[in-house]
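Model, not experiment: these values are computed from the prediction. Every heavy atom of this structure was used, including side-chain atoms; hydrogens, water molecules and symmetry mates were not.
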Amino acid sequence: GCSEPRAGSDRGGRGLHGCRAPLPGLLSAAALSKGCPLVVGSMGFSGAEPQFSEEVEVFLRCIQARATSPVGVAIVPADIPTSSLEGILSESSSPQPGIAAAAAEGTLVPLGRMPQRLTVDVARRSKVVAQMGIEPIITALQAPVVQPGSGQEPPLRVQFVFCGRAYDPAVFAADPIRKGFDIGTTLHASKILECGAIACSPGSGADCLVA
């Protein structure tokens, strides 16, 4: 699921650190007891450092305290060096071009009513993350994890995937799609799941949805 502050949070943008319920411990224990994957997206609320690594560390401590055998963990950060973006960013906040012109220039345009294009100057003073979809998560779930000093032991399968900024439905959809479920149906169901009790009738932003 997503670690955005919702039910049980102080809503101060501190993600899991602001939750009253011990979510990392509960989620880790449930995954270990069921033997199923646990994918957590947008850790640290925005999915950026240093909050991302701080929340990963919380989960790792919970796993170490509860696991009775070695488990595979994949960590997928979302931070992007601003230097790598300078070639596609505007040098000034001049009016944005149309999508076709921007595509021809290789530049970025905002979605919908978002502000004008991010400028090089703003990027240099900001933290930039790229929102991931299902592909990095599927790649992580398929990656073998070689145990240090394991000799002839087979590699571990990845059970825990901790992601930086991620599309909320992707954390639910990645594993079913990896296993062959229809992409459209899976993403539709995952969109309902990520909305939680807001998708119920009557809707509520202060409750959970258990599937």
Side-chain angles (χ1 to χ4, degrees), residues 1-79 127 129-134 136-138 140-141 143 145 156-178 186-187 189-200 202-211:
C2 176
S3 62
E4 294 179 3
R6 294 186 182 179
S9 165
D10 64 1
R11 308 226 175 228
R14 291 182 292 166
L16 293 172
H17 290 297
C19 293
R20 300 188 186 97
L23 283 179
L26 291 174
L27 294 173
S28 301
L32 290 168
S33 65
K34 298 296 183 182
C36 64
L38 174 64
V39 181
V40 185
S42 298
M43 298 184 71
F45 189 53
S46 68
E49 294 289 2
Q51 291 82 5
F52 169 66
S53 291
E54 290 173 357
E55 289 200 358
V56 169
E57 181 61 30
V58 172
F59 269 94
L60 291 177
R61 288 200 299 267
C62 293
I63 294 170
Q64 291 170 352
R66 292 167 173 79
T68 57
S69 60
V71 297
V73 176
I75 299 173
V76 189
D79 291 79
K127 284 187 174 292
V129 294
Q131 179 174 271
M132 69 187 75
I134 62 172
I137 300 172
I138 291 176
L141 288 168
V145 179
L156 297 170
R157 69 178 181 89
V158 170
Q159 184 176 5
F160 296 88
V161 183
F162 301 132
C163 305
R165 192 64 185 175
Y167 177 52
D168 288 350
V171 301
F172 298 100
D175 195 45
I177 291 174
R178 179 178 73 95
T186 302
L187 285 172
S190 299
K191 181 61 183 174
I192 295 173
L193 285 172
E194 70 93 357
C195 287
I198 297 175
C200 299
S204 170
D207 293 296
C208 299
L209 177 65
V210 179

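- In this structure, the side chains of D175 and V39 stay at 4.5 Å or more apart for every pair of heavy atoms.
- How far CZ of R66 is from CG of L26: 7.5 Å, rounded to the nearest 0.5 Å.
- Looking at P50 and K127, their side chains come closer than 4.5 Å, going by heavy atoms from C-beta outward.
- When atom types are taken as modelled, the side chain of S42 and the backbone of A166 share a donor-acceptor pair closer than 3.5 angstrom.
- Between T186 and P176, the shortest heavy-atom contact is CG2-CB, 3.8 Å.
- The two residues C62 and G25 come nearest to each other via the heavy atoms SG-N, 3.6 Å.
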Worksheet item: How far apart are the C-alpha atoms of I137 and V76, what are their side-chain angles, what is the distance that settles it, and do they pass the side-chain contact (heavy atoms from CB on, under 4.5 Å) test?
Response: CA-CA 8 Å; I137 300 172; V76 189; over 6 Å; no
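- In this structure, CZ on R165 lies 12.0 Å from CG on D79, to the nearest 0.5 angstrom.
- Here F59 and F160 keep their ring centres 6.0 angstrom or further from each other.
- Taking every heavy atom of both residues into account, A140 and A74 meet most closely at CB-CB, 3.7 Å.
- Shortest non-hydrogen contact noted between I138 and A174 is CG1-O, 3.4 Å.
- Atom OG in S28 sits 10.5 Å away from atom CD in Q64 (nearest 0.5 Å).
- Considering every non-hydrogen atom in both F162 and M43, the closest pair reads CB-SD, 3.4 Å.
- Taking every heavy atom of both residues into account, A173 and I134 meet most closely at CB-CG2, 4.2 Å.
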Item to complete: Begin from the C-alpha positions of F45 and Q51 and carry the test side-chain contact (heavy atoms from CB on, under 4.5 Å) through to its verdict.
Response: CA-CA 8 Å; F45 189 53; Q51 291 82 5; over 6 Å; no
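- E55 places a side-chain N or O within 3.5 Å of a backbone atom of G44 that can act as its donor or acceptor partner.
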Practice prompt. Evaluate the criterion side-chain contact (heavy atoms from CB on, under 4.5 Å) for residue pair L32 and Q159; output intermediate values, then yes/no.
Written response: CA-CA 9 Å; L32 290 168; Q159 184 176 5; 4.1 Å; yes
Practice prompt. Walk me through it: do S46 and V129 pass the test side-chain contact (heavy atoms from CB on, under 4.5 Å)?
Written response: CA-CA 8 Å; S46 68; V129 294; 5.6 Å; no
